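All values derive from a computational prediction rather than experimental measurement.
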Amino acid sequence: MSFVVIAMLAIAFALKHFGLLSQPGGRAGATHTNDDSAALCRLRPEVLSPAERLLWAALQLAVGNRYAIFVKVRVGDLLKVEGQGGKPTSARNRIQQKHADFVLCDPKSTCPVIVIELDDRSHQRSERQARDQFVDRAYAAAGVPILHVRARDRYAPGELAREIEERTSPAKQAAGT
């Protein structure tokens with residue numbers, strides 16, 4: 001996928017995320033007129049951390065134009081929770097503010113194919129492990145494969161390509177692994 005396409009997707013995501021694209025039935029970015037908190041906002045110098053950029057670069061080499069690579073996608077935008085009330089509301093609340101580090105999608109339909117999580121030291125904390133286990137079970141229930149990649153100083157694109165292929169092959173998906 002060309003850098004221009006990736007940049008355009010990132011800009012569109014940022015515009016939507018920050019409420020700058022038109023919303024149905026309302027004005028884009030409309031807020032209360034007395035609310036001056038928007039003036040406190042500043043552009044982040046980068047979307048990805050240095051560790052995430054290393055993996056992103058390796059993923060680009062690993063998948064080429066086979067998949068579109070989306071970064072920092074809200075889990076609530078990937079998965080929908082069916083039903084109302086107790087358990088569904090609890091599940092919805094548990095995924096709403098979480099995000100997937102990378103999502104590889106079919107480049108034509110943008111249908112998610114696999115989620116890739118970069119596991120750094122924060123994933124060793126017990127509360128983070130509980131969060132990861134819940135989200136992993138949610139992806140499994142939705143039939144979305146997940147690849148956890150341990151944070152490293154460098155990545156082998158060929159190894160990443162192999163691991164992605166193993167998890168996305170029809171035989172693996174049919175077996176539920």
Side-chain angles (χ1 to χ4, degrees), residues 1-60 67-82 84-105 107 110-112 114-139 142 144 146-155:
M1 178 174 291
S2 75
F3 177 78
V4 173
V5 172
I6 292 170
M8 288 174 30
L9 290 171
I11 290 168
F13 172 79
L15 289 173
K16 182 173 185 201
H17 180 73
F18 293 111
L20 299 176
L21 289 180
S22 296
Q23 300 294 326
R27 205 176 46 139
T31 61
H32 295 81
T33 56
N34 294 337
D35 182 6
D36 62 353
S37 60
L40 301 173
C41 295
R42 301 290 179 266
L43 182 66
R44 290 181 183 268
E46 67 266 331
V47 173
L48 299 176
S49 70
E52 291 167 332
R53 280 196 311 271
L54 277 174
L55 181 54
W56 178 63
L59 285 171
Q60 288 178 318
Y67 299 112
I69 303 172
F70 292 87
V71 300
K72 295 193 177 189
V73 179
R74 278 185 337 117
V75 177
D77 289 335
L78 288 172
L79 304 178
K80 64 180 179 179
V81 178
E82 296 180 343
Q84 300 296 320
K87 282 187 179 183
T89 298
S90 176
R92 207 172 286 110
N93 290 341
R94 291 181 76 180
I95 66 169
Q96 197 60 27
Q97 297 302 317
K98 294 171 179 57
H99 73 271
D101 293 324
F102 302 95
V103 180
L104 302 187
C105 297
T110 70
C111 179
I114 186 170
V115 170
I116 300 174
E117 285 292 333
L118 177 61
D119 290 350
D120 59 14
R121 288 185 193 144
S122 71
H123 291 263
Q124 296 172 359
R125 297 189 322 251
S126 61
E127 69 276 0
R128 183 58 189 255
Q129 289 175 352
R131 173 261 187 212
D132 287 348
Q133 289 170 359
F134 176 82
V135 173
D136 286 1
R137 288 192 316 270
Y139 287 135
V144 180
I146 184 165
L147 171 61
H148 286 272
V149 177
R150 197 171 38 105
R152 302 178 189 140
D153 291 335
R154 65 185 72 130
Y155 301 93

Are Val135 and Glu117 close enough that some pair of their side-chain heavy atoms sits under 4.5 Å apart? no
To check you understand the geometry: which heavy-atom pair defines the closest contact between His148 and Asp119, and what is its length? ND1-OD2, 2.9 Å
Any chance you could measure Leu55, atom CG, to Gln60, atom CD, to the nearest 0.5 Å? 10.5 Å
Taking side-chain hydrogen bond (donor to acceptor under 3.5 Å, both in side chains) as the definition, give me every residue that meets it alongside Thr110, ordered by chain and number, with sequence neighbours left out. none
Val75 versus Tyr139: any side-chain heavy-atom pair under 4.5 Å? yes
Identify the two heavy atoms, one from Pro107 and one from Tyr67, that lie closest to each other, and give their separation to 0.1 Å. CD-CA, 4.1 Å
Is there side-chain contact between Val149 and Asp101, with heavy atoms separated by less than 4.5 Å? no
Do Leu78 and Val144 come close enough that some side-chain heavy atom pair is under 4.5 Å? no
Arg137: side-chain contact (heavy atoms from CB on, under 4.5 Å) partners, not counting sequence neighbours: Gln133, Phe134
Report yes if some heavy atom in the side chain of Leu48 is under 4.5 Å from a heavy atom in the side chain of Lys72; otherwise report no. yes
Could you give me the CA-CA distance, side-chain angles and deciding distance for Phe70 and Asp77, then say whether side chain to side chain contact (heavy atoms under 4.5 Å, CB included) is met? CA-CA 12 Å; Phe70 292 87; Asp77 289 335; over 6 Å; no
Heavy-atom pair of closest approach, residues Cys105 and Pro112: SG-CA, 3.8 Å
Would you call Ile69 and Leu104 a side-chain contact if the rule is heavy atoms closer than 4.5 Å? yes
